[in-house]
Amino acid sequence: MNACTNEDITQLLIESDAMAEGDEVLVDAPLKQMGVQSLDKFNLFLLVEERYGVAIPDEDFEKLDTISAIASYVSEKRTAD
Amino acid sequence: MIGIEAIGTHLPAHRIDNLERAAGFNCDEEFVDNKLGVREISQAADEDDAFSLAVNAIADLRARTGLDGEEIDALVLVTQTPGKLIPHVSARLHGEIGLTDRCACFDISLGCSGYVYALTVVKALMQAQGFRRGLIVTSDPYTKIVAPEDRNTAMLFGDAATATLLSDRPVFEIGRTTMKTRGASHRELMSTDSGNLHMNGRAVFTFCAQNVPPDIREAAELNGVTVEEIDLFLVHQGSKFIVDTIRNRLGLPEEKMPFGAAGYGNTVSSSIPLLLAERVDSPESRRIMISGFGVGLSWASSLLTRVA
């Protein structure tokens, strides 16, 4: 099963217009620090769920707030499934 | 053929500055303009309710059309904030505007899908009964059930009412409609024990993004057209972010699916007729897809085709 990488999550942020190509990527910083708003995060997680076939409950949604944390979470979920 | 002949509207005069309200939630101008899309929220006066807003919308329709109350065969009101529960608001309206005893009159309890549902229900009723003129009124002073300290709802919902005249002399024919419900998810958007509105923003966003674009495609197919053959898409104005997301998922340019609620907010079942009213006399839009979605969770899409 393919892992989900920091680059994959970054690509989804660009695809959802929450970030632009060339923007500084801070994989361990809170998403808001890169200008990713709360509604952008809804869209990011929708794309993650659709692309990786994982369900992310609201309680985990609140906790996952960096690119690296999201990528690790998705990889672990996919391995567990 | 029964279809839409004219639309009257009413927006209360008072506005809440959403930038000021957003500052209290630590939200900036970019978020208000580009994500919510709502600069100002229309707010009914303390003494106003669904009934009084509806009376004003009907007055606007009468001013536009010279409508005679004796000609109305049916009056249907869409609201989820009726104020007094008994009697139904449409009965009070019936008395207020002087309709005849022969006029059928009832309320429909639906939120943001309500206008599309009501068009389909009232058109079917009129055709079955041989009625010539019917009124669909939408009226929801939602700001009365929104807690000002609730970040998820306080920067979105505004108050409005509309009155649509359906008749046998239509401007728009009403096509076949998709009408859907996912009751298992009703808790994502509901009133709480305190009477205030609760919205799980993420759940509602995901529901809209995943279900509305395919529903619009289905409604197009149901009416024998492709998405590309439709001139304009007037969808419920939940927020700019939701409208942008639906539009992007359908691959449409911005001008085909506009966001037009910057000056008043999400007005629930009035959002589609408010936009449609501006276009009744604009012949450039021949085919208009309308789509409502929200409380229920409930969603519906239909195609309007200009015939006059």
Side-chain angles (χ1 to χ4, degrees), chain A residues 4 8-26 29-74 76-78 81, chain B residues 18-19 22-38 150-156 184-185 187-189 198-214 237-254 259 266 293 297:
Chain A
C4 175
D8 292 332
I9 299 300
T10 304
Q11 201 53 47
L12 290 180
L13 283 167
I14 292 168
E15 190 178 318
S16 62
D17 287 333
M19 286 177 61
E21 293 276 5
D23 282 357
E24 185 181 16
V25 177
L26 306 167
L31 292 171
K32 195 164 187 179
Q33 200 170 314
M34 290 181 291
V36 178
Q37 308 261 11
S38 54
L39 294 177
D40 296 320
K41 195 175 160 189
F42 290 170
N43 206 9
L44 170 66
F45 277 63
L46 169 62
L47 292 175
V48 168
E49 288 186 328
E50 289 179 340
R51 297 293 165 82
Y52 293 94
V54 296
I56 306 173
D58 284 346
E59 53 269 29
D60 291 342
F61 172 86
E62 297 298 336
K63 287 184 251 170
L64 296 169
D65 200 34
T66 66
I67 289 174
S68 62
I70 298 166
S72 299
Y73 176 91
V74 173
E76 284 170 26
K77 270 231 161 189
R78 282 167 64 87
D81 291 344
Chain B
N18 217 19
L19 284 181
F25 294 109
N26 206 21
C27 296
D28 59 18
E29 190 171 350
E30 193 276 336
F31 181 79
V32 169
D33 284 344
N34 296 328
K35 302 299 183 190
L36 302 178
V38 179
D150 180 16
R151 176 193 172 96
N152 287 341
T153 56
M155 293 184 283
L156 278 178
S185 300
R187 288 180 182 81
E188 310 299 1
L189 189 50
H198 155 79
M199 180 171 76
N200 178 339
R202 180 187 173 213
V204 172
F205 167 79
T206 301
F207 159 76
C208 296
Q210 290 190 314
N211 292 285
V212 177
Q237 306 284 286
S239 70
K240 184 173 185 297
F241 193 69
I242 283 188
V243 173
D244 287 348
T245 300
I246 292 168
R247 186 177 61 240
N248 289 337
R249 287 191 160 223
L250 284 166
L252 297 171
E254 191 164 356
F259 181 78
N266 174 345
F293 38 84
L297 300 174

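Residue numbering restarts at 1 for every chain, and letters A, B, ... go by the order of the sequence lines.
Residues A:S38 and B:R151 form a side-chain contact, since some pair of their non-hydrogen atoms from C-beta on lies under 4.5 Å apart.
The local environment of CG in A:D58 is crowded, with over 12 non-hydrogen atoms from other residues, nucleotides or ligands closer than 6.0 Å.
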* Is there a side chain to side chain contact (heavy atoms under 4.5 Å, CB included) between B:T206 and A:F45 once you walk through the steps? -> CA-CA 9 Å; B:T206 301; A:F45 277 63; over 6 Å; no
* Take B:D28 and A:Q37 through the side chain to side chain contact (heavy atoms under 4.5 Å, CB included) test and state the conclusion after the steps. => CA-CA 10 Å; B:D28 59 18; A:Q37 308 261 11; 4.0 Å; yes
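In this structure, no portion of B:N152 lies under 4.5 Å from any heavy atom of chain A. Looking at B:D244, neither its backbone nor its side chain comes within 4.5 Å of chain A, counting heavy atoms on both sides.
Top candidate by heavy-atom pairs under 4.5 Å with chain B, chosen from A:D40, A:L39, A:L46, is A:L39.
For the atom pair A:N43 CG and B:I242 CD1, the distance stands at 10.5 Å (nearest 0.5 Å).
At a threshold of 4.0 Å, the pair B:R202-A:E59 does not count as salt-bridged, since none of the basic side-chain nitrogens sits closer than that to a carboxylate oxygen.
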